[in-house]
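Contents: one structure, followed by commentary.
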Amino acid sequence: MRIDAVTIFPDYFSALDLSLLGKAREKSLIEFKAYDLRDYTHDKHRTVDDSPYGGGAGMLMKPEPWGEAFDEILTPETTVIFTSPAGELFKQATAEELASQKHIVFACGRYEGIDQRVVDYAKTQCKVRMISLGDYVLNGGEVAAIAMIEAIARLIPGVIGNAESLVEESHSAGLLEYPSYTKPASWRGLDVPEVLTSGNHAAIAAWRHEQAVERTKAVRPDLLDPESR
């Protein structure tokens, strides 16, 4: 898979050189490049923003640099993701869907966002999605893009060493993950649940499912069907 990002802060993405994603890039399971939007400007100040038509607080990212960047990067097989609090909510199912794409470009806005014509133009060139990481506002799209890239890339075969671990994670079955424990069996007066040391795999599986349901009811009841609440 090829993943790119267009940003005015390409150094943000140095985190992708670390841990499993860094190893995945070394193995060429993932290709990644951060494009500096300012490289597509033509004035001495490398200006990427201007005041919005109609007035209002803050500045808006200009369309011209985005257009030149997209002309270089996009192909008909590209999916452009505009990270925006006005977009659809990013979920595990979103990550699974995007993990099958050949080429993803994250358009990382700053200030008060990006001129709407950039979105409209991108739609004439390839598939476009506006996606939000959550119901809050960040200073820019880079943090959201990195989170989405990690969620997407770890689903690509070969990125996670033990692929079975993906099956039991939170949200993989519509539930939050059950509590987990490791050695020692007793720590500071707190003991591992007895069922987990019983060796009874059927009982362990039943306990884990029960715990996942109870945790989801307590923390994220919105994930459950009404009949399960």
Side-chain angles (χ1 to χ4, degrees), residues 1-18 21-22 24-25 28 30-90 94-95 98-99 101-134 136-153:
M1 170 184 277
R2 177 183 162 196
I3 302 176
D4 296 319
V6 183
T7 170
I8 60 172
F9 294 116
D11 288 346
Y12 250 101
F13 292 90
S14 60
L16 299 180
D17 292 328
L18 305 175
L21 294 191
R25 292 177 65 186
S28 298
I30 304 168
E31 296 180 40
F32 176 80
K33 181 175 179 179
Y35 291 83
D36 189 341
L37 184 65
R38 295 190 189 278
D39 289 343
Y40 300 92
T41 60
H42 301 285
D43 65 299
K44 66 178 182 180
H45 299 295
R46 306 180 79 199
T47 306
V48 296
D49 63 305
D50 207 334
S51 57
Y53 280 114
M59 304 290 277
L60 205 62
M61 300 192 91
K62 294 162 58 68
E64 298 98 329
W66 284 101
E68 292 193 23
F70 282 172
D71 288 345
E72 178 179 330
I73 302 167
L74 304 189
T75 75
E77 293 185 332
T78 302
T79 296
V80 178
I81 297 176
F82 288 88
T83 54
S84 169
E88 62 180 288
L89 187 62
F90 185 79
T94 316
L98 292 171
Q101 302 298 304
K102 292 184 178 181
H103 182 211
I104 298 174
V105 174
F106 285 89
C108 301
R110 281 268 157 179
Y111 315 118
E112 294 302 310
I114 304 172
D115 188 302
Q116 177 62 35
R117 290 170 294 179
V118 176
V119 179
D120 297 338
Y121 173 74
K123 288 179 179 179
T124 69
Q125 305 300 305
C126 60
K127 186 175 180 180
V128 169
R129 296 180 71 167
M130 294 182 65
I131 302 180
S132 170
L133 196 60
Y136 47 86
V137 179
L138 299 169
N139 288 335
E142 290 79 11
V143 171
I146 290 172
M148 293 183 203
I149 289 170
E150 181 157 316
I152 295 165

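Quick caveat: nothing in here was measured; it's all calculated off a predicted structure.
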**Study point:** Asp115 and Arg117 ion-paired at < 4.0 Å
**Key:** yes
Practice item. List in chain and number order the residues that pass ring pair (Phe, Tyr, Trp, His ring centres under 6.0 Å) with Phe32, two or more places apart in sequence or in another chain; answer none if no residue qualifies. Key: Phe13
Review point. Where do Asp4 and His103 come nearest, in terms of heavy atoms and distance?
Key: OD2-NE2, 2.8 Å
Review point. Can you name the side-chain hydrogen bond (donor to acceptor under 3.5 Å, both in side chains) partners of Glu88, sequence neighbours left out?
Key: Arg129
Revision key, fill the gap. d(Ser14 OG, Ile146 CD1) to nearest 0.5 Å is 7.5 Å
Review point. From Leu16 CG over to Glu150 CD, what is the distance, rounded to the nearest 0.5 angstrom?
Key: 8.0 Å
Exercise for review: State the CD1-CZ distance between Ile149 and Phe106, to the nearest 0.5 angstrom.
Suggested key: 5.0 Å
Exercise for review: Could you tell me the separation between the CE atom of Met1 and the CD1 atom of Ile152, rounded to the nearest 0.5 Å?
Suggested key: 6.5 Å
Practice item. Grab the two heavy atoms, one from Thr83 and one from Gly141, that are nearest each other, plus how far apart they are. Key: OG1-CA, 3.2 Å
**Study point:** Minimum heavy-atom distance Ala144-Leu133, with the two atoms named
**Key:** CA-CD2, 3.7 Å
**Study point:** Test side-chain hydrogen bond (donor to acceptor under 3.5 Å, both in side chains) applied to Asp17 - qualifying residues, sequence neighbours left out
**Key:** Arg25
Practice item. Before giving the answer on side chain to side chain contact (heavy atoms under 4.5 Å, CB included), spell out for Ile114 and Val119 the whole-Å C-alpha distance, their side-chain angles and the decisive distance to 0.1 Å. Key: CA-CA 8 Å; Ile114 304 172; Val119 179; 5.6 Å; no
**Study point:** Tyr35 atom OH, over 12 foreign heavy atoms within 6.0 Å
**Key:** yes
**Study point:** side-chain hydrogen bond (donor to acceptor under 3.5 Å, both in side chains) partners for Thr41, two or more places apart
**Key:** none
Under 3.5 Å, which donor-acceptor pairs link side chains of residues 67-75 to any protein atom two or more places apart or in another chain?
residue, atom, partner, partner atom, Å
Glu68, OE1, His42, NE2, 3.0
Glu68, OE2, His42, NE2, 2.9
Asp71, OD1, Tyr121, OH, 2.6
Glu72, OE1, Tyr40, OH, 3.0
Glu72, OE2, Tyr40, OH, 3.4
Thr75, OG1, Glu77, N, 3.1
Thr75, OG1, Thr78, OG1, 3.2

Practice item. Check whether any side-chain heavy atom of Leu98 lies under 4.5 Å from a side-chain heavy atom of Ile81, and answer yes or no. Key: yes
Review point. At what distance, to the nearest 0.5 angstrom, does OG1 of Thr7 lie from CZ of Arg38?
Key: 9.5 Å
Check your understanding: For Met130 and Ser84, which heavy atoms make the closest approach, and how far apart are they?
Key -> CE-OG, 3.6 Å
Exercise for review: Would you check if Met59 and Ser51 make a side-chain contact, meaning some heavy-atom pair closer than 4.5 Å?
Suggested key: yes
Check your understanding: Run the side chain to side chain contact (heavy atoms under 4.5 Å, CB included) check on Leu60 and Tyr53 step by step: do they pass?
Key -> CA-CA 9 Å; Leu60 205 62; Tyr53 280 114; over 6 Å; no
Practice item. Decide if atom OH of Tyr136 counts as having more than 12 heavy atoms of other residues, nucleotides or ligands within a radius under 6.0 Å. Key: yes
Revision key, fill the gap. Taking every heavy atom of Ile8 against every heavy atom of Glu142, the minimum-distance pair comes out as N-OE2, 4.2 Å
Check your understanding: Closest approach of Trp66 and Cys108, non-hydrogen atoms and distance?
Key -> CH2-N, 3.7 Å
Practice item. Just jot down the side-chain hydrogen bond (donor to acceptor under 3.5 Å, both in side chains) partners of Asp43, sequence neighbours excluded, or say none. Key: Thr47
**Study point:** Atom pair CE/CZ of Met61 and Arg110 - distance to nearest 0.5 Å
**Key:** 8.5 Å
